2 protein chains.
Amino acid sequence: MTNESIKILLVDDEPDILEFMEYNLKKEGYIVLLAKNGAEAVEIAKREVPQLIILDIMMPEMDGIEACRRIRESKELEHILIAFLTARNEEYSQLAGFDVGADDYISKPIKPRILTSRIKALLRRTSFNQETPAVQIGNMRIDRDSYLVYKNDEPISFPRKEFELLSLLTSKPGRVFTREDILSRVWGSEIVVGDRTIDVHIRKIREKLGDDVIKTIKGIGYKFDI
Amino acid sequence: MTNESIKILLVDDEPDILEFMEYNLKKEGYIVLLAKNGAEAVEIAKREVPQLIILDIMMPEMDGIEACRRIRESKELEHILIAFLTARNEEYSQLAGFDVGADDYISKPIKPRILTSRIKALLRRTSFNQETPAVQIGNMRIDRDSYLVYKNDEPISFPRKEFELLSLLTSKPGRVFTREDILSRVWGSEIVVGDRTIDVHIRKIREKLGDDVIKTIKGIGYKFDI
DNA sequence: CTGCTTATTAATAATTTGTTAATATTGACA
DNA sequence: TGTCAATATTAACAAATTATTAATAAGCAG
C-alpha cells in the first residue's frame, strides 16, 4: 500500500464504469473520489484537489471537455493531471481533449492492468512521485528506493510485507500504531488476515534488527523507538 | 531546463507556422532546425539526426507521409521520434501517419502550451536513452549510442529489449524498478506482454553479465547493483 | 525465400514469502 | 501472587513470485 495519499477523481455518468474503475484503483491503494457529471467533477476537484482526474468525454450536465476547460481555468487546479476516457474511435474527442489541456487519454473498453499502468505512468511525471528520501533513525537507514534497510551501513534486505510494516512504524518514530492501523495500512482495507500475522512479521523484523527497536504496547499496538 | 542538447527538426511549408513553433521551442531551450518540405527534411534529418521531427502532412516537393517513410527506412534514423502536424479534421492523415511509424500527431491550430507539453511527453518516452551516452558502473560501461556493454573492456552486444532493460536499471543503480515501471518504460504504457517476458530478459542479461549484477526484490521488481 | 537473431509465451520447477495453528510466555491487575 | 487475556514463538503449510527451459513467433539481413 504505497498509494495511500494519492487522490484520483473518476468522472463518468455510467455507474458501472465508475464502480469498475473505483474497485480497481482502490485495490491499488488510491483514494478514489467519484462524480457523475462534469459539474459535479469541477466542484469536487475544487474542494479536494486530487492529483489526477479521469474524465469521460460524453456526459450529461457538462461534458468532459468543458469540465476540463473549467478546471484548467483555475490557477490552483492547473497542475492536476487530466486523462480522458474515450471510445476507441472517437478520434475527434482525442484532439479536442488535448486542446483543452488533457495529459492523456485512455480508451474504452478499459482493462484493469492498462488502467493502472497508465495511471502510474502519468503520476510518475509529477512531483508527487519523486524519489523518496531515505530515512535515518539512529544507526539505521530506511531506503524506500532500494528497499533496503541499513544497520550501521550493513544492508539488510526485507521481504515486502516486513518492509512495509517497518516502513510504517518508522514513518513516525515513537508513535504507537494500533493493530488496526497496521492492518489497514499494510494489508489494506479488506482485512483478511488474523492478528497473529502481525506478531510474526514483527518477530521477523526483530530477528533482523534486534529485539529492542520495536516496542510492544500491550493492548494497543507497536511503536518504533530508537 | 536542460533541453540544451535536444535537437528538433520542424518541417512545414508555411513560414509563419515554422517561425511560430521555432520561437516557442527555442524559448524552451531546444535546438531547432527548420525545413520547408519533405525532401529537405530527409536531408537534414540524415545530417543532423535530431531527436524529434515535427512534420506537416501537406507539403510541396515531398509530403510528410513520404518523408516519414524515407526516414524510417534508414537504420540510423529509425529511433527518431516523429510527430505529424494535422489540420483538425484530417482524420485520414492521422491513420496514414501512424501506419508509416509516427509517434504522435499534433493538431492545428497549434497552441504553445500544448505543443511544448506534447513534445516533453514524447521526449520523456525515450529520455532515459539519451540522458547519458555512456555510463560507467564498476567494471562495466554501458554505451547507449552503440548498444554495447563493455565488461572489463570486453564488448558484449545486447539485443534491443535487453539493452533497454539494462539501460533502465542502470540509469539509477541501486534503485528498485517495479515490474510495472519496467513494463511501461521498456514496453510502453499499452502493455501487451506478459510478466514472464521480463524474467526471461533478465535471465539473458544475467547470462551475459553474471548472476550478481541484477538483484531480484521479490514482490517488487529488480535493481542493478554493483 | 532462407536462415539467423530476437522476442514472446507457455509450462513447469524452484524459491521465497505469507499465514496459520498450536503452544509458550508475558505482564497488567485484582 | 495468581489469573488471564494479549503477545511471542515455532514450525508447518499455503500462496505467491520468480527462474528456467524449450517451443513458437516475429523480424530482419542476405
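Quick caveat: nothing in here was measured; it's all calculated off a predicted structure. Chain identifiers are assigned alphabetically (A, B, ...) following the order of the sequence lines, protein sequences preceding nucleic acid strands; residue numbering begins at 1 within each chain.
Straight-line distance from the OH atom of A:Tyr147 to the P atom of C:dT16: 19 Å, rounded to whole Å. The CG-P distance, from B:Leu183 to C:dT8, rounds to 10 Å in whole Å. Straight-line distance from the CG atom of A:Asp195 to the C1' atom of C:dT19: 13 Å, rounded to whole Å. We find that CD1 of A:Ile214 is positioned 14 Å from P of D:dT7, with the value rounded to whole Å. The nearest whole Å value for the distance from the NZ atom in A:Lys215 to the P atom in D:dA8 is 13 Å. The CD atom of A:Glu164 sits 9 Å away from the P atom of C:dG18 (whole-angstrom rounding). If you take CD1 of A:Ile198 and C1' of D:dA6, they are 13 Å apart, rounded to a whole angstrom. Taking atom CD1 on B:Ile205 and atom P on D:dA19, their separation rounds to 12 Å, with Å as the unit.
For NZ of B:Lys215, the number of neighbouring non-hydrogen atoms (other residues, nucleotides, ligands) closer than 6.0 Å is greater than 12.
A:Lys218 contributes a side-chain N or O that forms a donor-acceptor pair with the base of C:dT26 under 3.5 Å.
For B:Lys161, taking side-chain heavy atoms from C-beta onward, the closest of the listed nucleotides C:dT17, D:dT10, C:dA7 is C:dA7. Residue A:Glu162 places its side chain closer to C:dG18 than to any other of C:dG18, C:dT8, D:dT10.
Residues A:Tyr222 and A:Ile217 are not in side-chain contact: their nearest non-hydrogen atoms beyond the backbone lie 4.5 Å or more apart.
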Problem set entry | salt bridge (Lys or Arg N to Asp or Glu O under 4.0 Å) evaluation trace for B:Arg175 with B:Asp225 | CA-CA 8 Å; B:Arg175 161 167 180 171; B:Asp225 228 341; over 6 Å; no
Problem set entry | B:Glu162/B:Lys208 under salt bridge (Lys or Arg N to Asp or Glu O under 4.0 Å): CA gap, chis, key distance, verdict | CA-CA 11 Å; B:Glu162 284 171 47; B:Lys208 286 168 193 146; 2.5 Å; yes
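When each of B:Ile202 and A:Ile220 is assigned the nucleotide of DNA chain D with its nearest heavy atom, A:Ile220 is the one assigned upstream, toward the 5' end. Taking the nucleotide of DNA chain D with the nearest heavy atom to each of A:Glu207 and A:Gly219, the more 5' of the two is matched to A:Gly219. Between B:Phe158 and B:Val200, it is B:Phe158 whose nearest contact on DNA chain C lies nearer the 5' terminus.
Not one side-chain nitrogen or oxygen of A:Thr216 sits closer than 4.0 Å to the OP1 or OP2 atom of C:dT26. Contact annotation: B:Arg160 side-chain N/O to C:dT6 OP1/OP2 distance is not under 4.0 Å. Listed pair B:Thr197 / C:dT9 meets the phosphate criterion, a side-chain N or O lying under 4.0 Å from OP1 or OP2. At the phosphate of D:dA8, OP1 or OP2 sits under 4.0 Å from a side-chain N or O atom of A:Arg206. The side chain of B:Tyr222 contributes an N or O atom lying less than 4.0 Å from OP1 or OP2 of D:dA19. B:Arg179 has a side-chain polar atom (N or O) that falls below the 4.0 Å cut-off from OP1 or OP2 of D:dT18. In this model, the phosphate group of C:dG18 is not approached by any side-chain N or O of A:Trp187 to a distance below 4.0 Å at OP1 or OP2.
Relative orientation of the A:Tyr147 and A:Phe163 rings is tilted, given thresholds of 30° and 60° on the angle between their planes.
The only option from A:Leu81, A:Leu10, A:Leu9, A:Val32 that meets the side-chain contact (heavy atoms from CB on, under 4.5 Å) definition with A:Ile54 turns out to be A:Leu10.
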